[in-house]
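Protein chains get the first letters and strands the later ones, always in sequence-line order, with residue 1 at the start of each. Note that the structure is predicted; figures quoted are calculated from it, not measured.
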Amino acid sequence: MSSNETPTQTNFVKQIINEHNSSGRFDQRVHTRFPPEPNGYLHIGHAKSICLNFGIAQEYGGLCNLRFDDTNPTKEDVEYVDSIKEDIRWLGFDWDEREYYASDYFETLYEYAVKLIRDGKAYVCELTGEQIREYRGTLTEAGRESPYRKRGVDENLALFDRMRRGEFPDGSHTLRAKIDMASPNLNMRDPVMYRILHAHHHRTGDAWCMYPMYDWAHGQSDSIEGITHSICTLEFEDHRPLYDWYIDQLGIHHPQQIEFARLNITYTVMSKRKLLQLVRDGIVDGWDDPRMPTISGLRRRGFTPASIRDFADRVGVAKKNSTVEVALLEHCVREDLNAHALRVMGVLDPLKVVLTNYPEGQVEEMEAVNNPEDEAAGTRTVPFSRELYIERDDFMEDPPRKFFRLAPGREVRLRYGYIIKCEDVVKDDAGNITELHCTYDPLTRSGMPDANRRVKGTLHWVSAQHAVDAEVRLYEQLFALENPDDVEEGKTWLDNINPDSLAVVQAKVEPSLADAAPGTHFQFERKGYFTVDSKYSAPGAPVFNRTVTLRDTWARISKQK
RNA sequence: UGGGGCGUAGCCAAGCGGUAAGGCAUCGGCCUUUGGAGCCGACAUGCGCAGGUUCGAAUCCUGCCGCCCCAGCCA
């Protein structure tokens, strides 16, 4: 953990582990796992789980496996397993050689199923999907037993074998656990263990035409891997009795499942289904669109692994459903980037300034600090000349009281340059300001004694003749509402999309940025943190994504009016 | 009306019978060649509500109330 990350505090999961360690239940062993289904890209909610599982393993000197729960070939794909592996590594975690797949255990699972059948604890059922639902009963009424429940062991064994051999069509048979159709826990009402699916699996190919249900595969997979603590989300709490039942019937290693609340963040959605829809409908530019809460989106946006880990730590782990304000995530990146990002100057909305008393053709190289938070980052040189660009909103013809920037007759400091004074405002026929005529004070160059003169504000700038054109993408929240699922009658969450979530702007940036490498983080002084886009940026034609703005006191003051 | 969970500040979250940590946000002030950063300070007589036990309760007991999850051959 780097120094800018908050020390991890205690949580109920660690308390449980501590109790196990003092009782000796698992021989002081701590072995967790991160078990994604490869049916989509990882998002920041997964990052919370990854940090938890790998973090706990690290903290207790244990191990954390990566296991793909690939029990449904109709939804899964290698594209997803590749992206998942990349994202976990990028976050800074390593599963060594322990990369497993539930499909590795299909044969073992099959043998386990045969054992249950032999013990009279499972049977082949020929009810249709609809009938199974009817027989299940409701939340308040017990279910009815399937007419196939009383089949003999030999018949079940034979039928199950024929299921495996592919003698039956999809949906015609299932293997079900024989538990209790009257259980108040619906998961215990003879759950389906296997369904017939003549589908090609991304790993096992066509070896199987029936696949284990997640509930039948998950607990045993953990058991087989010797997992001690199976950490998962709240919705599986009701499934724990079933997992316990399977494992107890089988008499195999019994992990402890612990459930925690999944992460929600304001102004975004976290369900894979919705993220997939945003991608498929072309509402965003792929899974890694910088507005997406996916790991790949956050990466492209400019978030750092350390900032996401820090966020996961600060958010904590508990059982209460909650929604964390996106401001906390933003705080975490700012803190990391403040310490590490190189400072540069870039003007997003250029307004030309002519220094009328500055020698024509003269160019001075101004020394600029790369990162005031890190002396080792050194300095660089920025060209200064007679014609410059400043930010259009750093000038006001008729400024309000607390506006500390440029205005007619007012003086302002150009960062690392001179103090200048606005003498004239030049406008076009329509009355738009086209340029400013200013004078500079030659005794106030940065470093000179007169440079210490007190002026109201300091502006960033770029020399017009040296400026590099850059495309800058300014992002806002993808959704206009804190809770995108808060929809009125007849509308959907898609109606809550923020139409202004992306603004593309042509900026002027300092020459050092011309060939900036994709993924590099910068602070554009006074504006925010920006990252070179990994998809569209090219040498000589840089494209920047705005990760997050700087905290902006002036914006707050002016909004209060 | 069944079962499983959860209620501590605007948002997270510690606390585990001895008198409400911390972070984010917000609001003041200091400082500043980034209105950034940093620094200082404020921010729950109160822990969903009502009773009870106790010298003492956010913590224990009882009863309410509210919210989330479960009726896929998804995970």
Side-chain angles (χ1 to χ4, degrees), chain A residues 6-7 9-11 15 35-37 39 69 71-72 74-76 125 127-129 132-134 136-143 170-176 183-189 191-197 210-211 213-215 217-218 232-241 259 261 266 272 313-332 334-335 338-339 343 345 369 372-373 402-405 413-417 419 444 446-447 451-452 454-460 482 523-528 549-557:
Chain A
T6 277
Q9 56 179 26
T10 186
N11 61 51
Q15 282 187 9
E37 183 192 14
N39 69 340
D69 274 333
T71 54
N72 185 356
T74 65
K75 291 187 175 169
E76 296 152 8
C125 185
L127 253 25
T128 65
I132 287 182
R133 194 184 333 123
E134 287 163 7
R136 186 154 33 225
T138 68
L139 294 178
T140 52
E141 302 163 56
D170 287 3
S172 61
H173 295 68
T174 57
L175 183 74
R176 293 230 259 162
S183 172
N185 181 344
L186 303 215
N187 296 123
M188 302 300 271
R189 320 245 263 224
V192 171
M193 296 163 64
Y194 280 93
R195 76 289 215 185
I196 297 175
L197 234 42
M210 64 179 192
Y211 292 91
M213 297 290 291
Y214 172 86
D215 278 352
H218 187 75
C232 65
T233 44
L234 252 26
E235 68 270 26
F236 294 106
E237 209 153 13
D238 286 341
H239 297 238
R240 179 161 23 103
E259 308 87 5
T266 54
K272 277 193 193 175
D313 280 342
R314 294 192 194 222
V315 148
V317 181
K319 299 193 73 155
K320 183 173 68 173
N321 289 311
S322 61
T323 303
V324 176
E325 291 176 342
V326 70
L328 178 61
L329 214 210
E330 293 177 341
H331 169 82
C332 292
R334 285 195 187 102
E335 195 168 87
N338 175 55
R343 271 60 170 175
M345 291 195 284
V369 173
E373 307 291 323
K402 289 182 176 166
F403 186 82
F404 299 155
R405 312 175 187 180
R413 182 193 313 281
L414 294 180
R415 175 132 243 230
Y416 302 125
I419 292 174
T444 58
S446 194
N452 295 327
R454 281 194 76 80
V455 288
K456 290 206 171 188
T458 301
L459 307 187
H460 60 282
E482 264 198 27
Q523 184 198 98
F524 286 11
E525 294 213 29
R526 301 208 309 134
K527 296 310 289 184
T549 60
L550 251 29
R551 288 190 68 209
D552 190 345
T553 322
W554 167 244
R556 235 181 307 145
I557 292 170

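Which of B:C6, B:A75, B:C24 sits closest to the side chain of A:Ala327 comes down to B:C24. The side chain of A:Val324 lies closest to B:C12 when the candidates are B:C74, B:C12, B:C24.
For the pair A:Lys272 and B:A75, the criterion of a side-chain N or O lying under 4.0 Å from OP1 or OP2 is not met. When the side-chain nitrogen and oxygen atoms of A:Thr71 are compared with OP1 and OP2 of B:A75, one or more of them lie within a distance under 4.0 Å.
A:Tyr211 has its OH atom 18 Å from the C1' atom of B:G72, to the nearest Å. In this entry the distance linking CZ of A:Arg334 with P of B:A37 reads 8 Å, nearest Å. For the pair A:Glu330 CD and B:C11 C1', the computed distance is 13 Å after rounding to whole Å. With rounding to whole Å, A:Glu482 atom CD is found 10 Å from B:C12 atom P. Between the NZ atom of A:Lys320 and the P atom of B:A58 there is a distance of 18 Å, given to the nearest Å. We find that NZ of A:Lys319 is positioned 13 Å from P of B:A13, with the value rounded to whole Å. When the P atom of B:C74 is taken as reference, atom OH of A:Tyr194 falls 14 Å away, rounded to whole Å. The NE2-P distance, from A:His218 to B:C74, rounds to 17 Å in whole Å.
In this structure, B:U54 forms no base pair with any nucleotide, since neither Watson-Crick nor G-U wobble geometry is met with both distances under 3.5 Å. Nucleotide B:A44 has no partner under the Watson-Crick or G-U criteria, as no pair reaches both atom distances under 3.5 Å. Of the nucleotides present, none pairs with B:A21 by Watson-Crick or G-U wobble criteria with both distances under 3.5 Å. Across the strands present, B:G72 finds no partner; the criterion is a Watson-Crick or G-U wobble pair with both atom distances under 3.5 angstrom. Nucleotide B:C39 forms a Watson-Crick or G-U wobble pair with B:G29, both donor-acceptor distances falling under 3.5 Å.
Put simply, the side chain of A:Asn185 gets close to the backbone of A:Asp238: a donor and an acceptor are under 3.5 Å apart. Panel note: side chain A:Arg413, backbone A:Thr444; no donor-acceptor pair is recorded below 3.5 Å. Without hydrogens or angle criteria, A:Glu141 side chain to A:Gly137 main chain gives no donor-acceptor distance under 3.5 Å. Between the side chain of A:Arg195 and the main chain of A:Gly171, no donor-acceptor pair closer than 3.5 Å is present. Although no hydrogens or angles enter the test, the distance criterion places no donor-acceptor pair under 3.5 Å between the side chain of A:Thr323 and the main chain of A:Thr266. In this structure a side-chain-to-backbone donor-acceptor pair under 3.5 Å is present from A:Arg189 to A:Arg136.
A:Leu127 comes within 4.0 angstrom of a base, heavy atoms only. Using a 4.0 Å heavy-atom distance criterion, A:Val317 is classed as a sugar-phosphate-only contact.
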Between the protein and nucleotides 67-71 of chain B, which nitrogen or oxygen pairs come in under 3.5 angstrom?
residue	atom	partner	partner atom	Å
B:C68	O2'	A:Asn321	ND2	3.1
B:A71	O3'	A:Arg136	NH2	3.4
B:A71	O2'	A:Arg136	NE	3.3

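Mapping A:Gln15 and A:Thr174 onto RNA chain B by nearest heavy atom places A:Gln15 closer to the 5' end of the strand. When the nearest nucleotides of RNA chain B are assigned to A:Thr266 and A:Arg195 by heavy-atom distance, the more 5′-ward of the two goes with A:Thr266.
Across the C1' atoms, B:A20 and B:G46 are found 7 Å apart, a figure rounded to whole Å. Comparing the same atom, C1', in B:U45 and in B:U19 gives a spacing of 11 Å after rounding to whole Å. Across the C1' atoms, B:A25 and B:C11 are found 7 Å apart, a figure rounded to whole Å. Going from the P atom of B:A50 to that of B:A58 covers 13 Å, rounded to whole Å. Atom P of B:G7 sits at a distance of 9 Å from the matching atom of B:A14, rounded to the whole Å. One C1' atom belongs to B:C43, the other to B:A21, and the distance between them is 15 Å to the nearest Å. The same atom, P, is picked in B:G66 and in B:G48; the two are 16 Å apart, to the nearest Å. Nucleotides B:U8 and B:G22, compared at atom C1', are 14 Å apart to the nearest Å.
The minimum heavy-atom distance between A:Lys75 and A:Glu37, with the atom names listed, is CB-OE2, 4.4 Å. The minimum heavy-atom distance between A:Glu525 and A:His460, with the atom names listed, is O-ND1, 3.6 Å. Of all heavy-atom pairs spanning A:Arg343 and A:Pro372, the tightest one is NE-CD, 3.7 Å. A pairwise comparison of heavy atoms in A:Ala261 and A:Lys320 identifies CB-O, 3.2 Å as the closest pair.
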>> Base contacts versus sugar-phosphate-only contacts with protein, heavy atoms under 4.0 Å: please encode nucleotides 28-36 of chain B as B, S and - from 5' to 3'.
In response: -----BBBB
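Taking a cutoff of 4.0 Å between a charged side-chain nitrogen and a carboxylate oxygen, A:Lys319 and A:Glu237 qualify as a salt bridge.
With rounding to the nearest 0.5 Å, the separation of CD in A:Glu330 from CZ in A:Arg551 is 11.5 Å.
B:G72 adopts a syn glycosidic conformation, its chi angle falling within 90° of 0.
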